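Got a structure for you, written out below as structure tokens; questions coming shortly.
These numbers come from a predicted model, not from an experiment.
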Amino acid sequence: MEVDFKAYHLRGIHARTAEEKQQINQELKDLYDSLTNEDKRIFNLELQKFLATEMGRLGSDYEAIKNQIPEA
């Protein structure tokens, strides 16, 4: 099982309204609810991996930008 969490993430970022963002989140929840217990376990592991990867990337980006800003 492989869920494209990045696609959901990007759609959520680019949602134009709160309602659109809520609809995207509901889509993901509905997908989760439709899974077997074993698939839910895999889904959760893949989601944790995605979140850890994204948080690591954001941290690296932040450090790179922070180091380029001259101190006042």
Side-chain angles (χ1 to χ4, degrees):
M1 160 179 218
E2 204 166 306
V3 177
D4 188 357
F5 291 108
K6 187 170 187 170
Y8 282 101
H9 178 65
L10 290 174
R11 286 176 56 210
I13 289 172
H14 297 292
R16 294 185 179 163
T17 63
E19 291 80 19
E20 186 179 354
K21 185 177 272 193
Q22 184 178 16
Q23 181 183 6
I24 294 164
N25 288 337
Q26 188 61 51
E27 238 179 86
L28 198 54
K29 288 177 185 178
D30 291 344
L31 171 63
Y32 182 82
D33 289 341
S34 74
L35 300 174
T36 66
N37 285 339
E38 178 60 19
D39 284 342
K40 285 180 181 178
R41 187 185 70 76
I42 294 168
F43 177 100
N44 289 329
L45 291 172
E46 289 178 3
L47 179 57
Q48 288 174 17
K49 180 181 175 187
F50 171 76
L51 291 173
T53 301
E54 285 299 303
M55 292 304 292
R57 185 187 59 76
L58 290 173
S60 296
D61 290 352
Y62 171 77
E63 287 299 319
I65 291 168
K66 185 177 89 172
N67 292 331
Q68 293 178 6
I69 299 172
E71 293 185 30

Open item on the list: Less than 6.0 angstrom separating the ring centers of Phe50 and Tyr8, yes or no?
Closed with: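 Between Phe50 and Tyr8, the centre distance exceeds or equals 6.0 Å.
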Task: Non-hydrogen atoms of Glu38 and Arg41 that approach each other most closely - done: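 Closest approach of Glu38 to Arg41: OE2-NH2, 2.8 Å.
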Task: Salt bridge flag under 4.0 Å for residues Glu46 and Lys49 - done: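 Looking at Lys49 together with Glu46, the answer is no, because their closest N to O distance does not fall below 4.0 Å.
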TODO: Check whether more than 12 heavy atoms from other residues, nucleotides or ligands sit under 6.0 Å from atom CD of Gln23, and answer yes or no.
DONE: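 Check fails, neighbour count at 12 or below.
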- [ ] Identify the heavy atoms of Gly12 and Lys21 that sit nearest to each other, and give their distance.
- [x]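 Where Gly12 meets Lys21 most closely, the heavy atoms are O-CE, 3.1 Å.
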Open item on the list: To the closest 0.5 Å, what do you measure between NE2 (His9) and CD1 (Ile13)?
Closed with: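 Nearest 0.5 Å value for the NE2-CD1 distance: 3.5 Å.
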Task: Pairwise distance CG(Leu51) to CG(Leu47) - rounded to 0.5 angstrom - done: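 Nearest 0.5 Å value for the CG-CG distance: 4.5 Å.
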Open item on the list: Distance check, rounded to the nearest 0.5 Å: Asn37 atom CG versus Ile42 atom CD1?
Closed with: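 Between atom CG of Asn37 and atom CD1 of Ile42 there are 11.5 Å.
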Open item on the list: Counting C-beta onward and ignoring hydrogens, is there a side-chain heavy-atom pair between Thr36 and Phe43 closer than 4.5 Å?
Closed with: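 No - every pair of side-chain heavy atoms lies 4.5 Å or more apart.
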Task: Carboxylate-amine/guanidinium proximity below 4.0 Å for Arg11 and Glu27 - done: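 The answer is yes: the pair qualifies as a salt bridge.
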Task: Any donor-acceptor pair under 3.5 Å from Gln26 side chain to Gln22 backbone - done: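 No, Gln26 side chain to Gln22 backbone: no donor-acceptor pair under 3.5 Å.
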Task: Rounded distance (nearest 0.5 Å) linking atom OH of Tyr32 with atom CG of Asn44 - done: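 The OH atom of Tyr32 sits 4.0 Å away from the CG atom of Asn44.
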